[in-house]
Structures are given as structure tokens and as C-alpha cells.
Amino acid sequence: MKPLELGATLHVAADPRTSFSSLAALGLTTAQIFPPYSLDAAATKAAADENGIEITAVIAHFEGEDYANIPTVSRTVGLVPLATREERTAHFLRLAEFAAVIGVHQVQTHIGFVPEDEADPNYAALVEHTQSICDHLAVENQIFALETGQETAKTLARFLTDVNRANLRLNFDPANMIMYGNDTPLAALELLYPYIQSVHIKDGIWPAQSGQLGAEAPFGEGQVDFPTFLPRLLELGFRGSLTIEREIEGEAQKRDILTAISGVEEILKAAGV
Ligand code: MG
């Protein structure tokens, strides 16, 4: 992959060719994918190759997750909830295997709300559980990338230190920092930069009240301040993939992705990249 190559998150359909060709039609060359339900590795890889798309990450999401508001996210998302931890981990490891077959190094998910209080009885168990996933992935030389934003940057940094595995990395999502009401993306970037593997280009708006979730917004219409964020990311030395994430569907999604492409290209150009 060339440095700073632009891509998008992509839900791969039953016929992977339709998904990858629609991404290529937007002029994109990388994708972080939600695999097709079939987990047909050969068809997925062939469709990506045919369309000149490099798959930079495989993303896992889990049945039963609900992003309605912060308490619901806390109860339902990721590997933190104990009731579903085992079955979800098995699913995650199946996706890691799928990723290995198609030659993808990065396996990614929202782990869920890491407890802010390290004395929380669930905290130590989550650290240990994450270590075992990292060690499993290390066999295939893969990294476990956590999506940022649900917990504060400070809690996440402490968690990464406590897990203490070189293949535990971050997919930094600046909009999530805002939408969960946790940190400004710039402050979080300074703290978490050493762990950042990849970045989501997503915009968002602060929640109106604490406990609520803020809203995702089209690129440039939210509060991420990309004209400051992206140059600082480059200044820190980031040259990984930039993955546009716009969590809506259809023509409106295509339009917003195109807006994000031109917005990012303009900022990179002004920064001399
Ligand atoms: Mg994201």
C-alpha cells in the first residue's frame, strides 16, 4: 500500500464483486471490510483484486450489538459483556482466520466499553482475555486493532499498557471521541499516537447531554476539525491508510464519500503531501 491511501469501510455483499466494484467506481483503492456472511475467502479476494482494492483490515461486529445510546452500547457492544464474550470471541477468531487466508494483517473491532476503573472486577479479566486474543493472532503475524472512542483516551492508553502486547494497536476514529463525549480528537491523538495503526475519516457532533450519544455527520459538517487534525497526524509521522467511514447507505453515502475524498485530498495537498 502506498502511504495515506484512501479507502472506505465496506460491508461485503453476498456477491462480493458488487461491493468492491462500487467502491472502485468512487476512485478508492483500499477497504476495511465487514466480510460476507458466507466468509467465502476466495470470492472476496478475487473481487477485491479484480477491482484494484487492497483490503487493509477485516472488521468484526457481533449479533445483538445496539448503538442506540451509551448505556445500551455499554450493555451490548463488543467483547466486554460477559454473557456473550465466549461466543463472540469464537466469531472474532473465525474472522481472523478468514483474514489470514486472504492475507490481511489487521483484524479490528469495537471491544466495547473498557471499564474506566481499573479496580472493576471485569477489568483484569478483560486485560487477560485481550492478551490471549493478541497471542492467538500473533501466530499468523496479525494485529488486533481496537476502534477508539467508547472510553476516554486515558483509559484506553492505560488498557494498552496493561495488556502489553506489541500486536495490540488502534484504529483511531476521531468522530467517536466526540460522539461518545470523551475527548477532543486532537488531545486523544497526542496521547494515543504511538498505538495508531489506521485512521477513520468520520465526522461527528458532540452529544447534547452527557449520557447521550452525539451524531455522525458528513465530512466537514461535524466538529472533528480535519484541517487541524490531519496535518497534525502527518506531523506525528502517520503514513498508514485513511479509511472513510460514513454509516449510512445508498446514494447519500456515495455523495458523502465523494465529499470526504475531495476534502481530504485538499487538506493533504495544502499540507504538501
Ligand atoms: Mg469508526
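Quantities reported herein were computed from a predicted structural model and do not represent experimental measurements. Atoms within each ligand, like the ligands themselves, are counted from 1 in listed order. Positions are given from 1 along the sequence.
Across all their heavy atoms, Thr148 and His110 have their closest contact at O-CE1, 4.2 Å. Summarising the geometry of Ser19 relative to His11, their closest heavy-atom pair is OG-O, 3.6 Å, with the distance given to 0.1 Å. Shortest non-hydrogen contact noted between Gly112 and Glu151 is O-OE1, 3.2 Å.
Of all N, O or S atoms in Glu245, the one lying closest to the Mg ion (ligand 1) is OE1. When the N, O or S atoms of His200 are ranked by distance to the Mg ion (ligand 1), ND1 comes first. Among the heteroatoms counted here (N, O or S) of Asp173, OD2 is the one nearest to the Mg ion (ligand 1).
Cation-pi geometry between Arg232 and Tyr193 is not met: the NZ or CZ atom fails to fall both under 6.0 Å from the ring centre and inside 45° of the normal.
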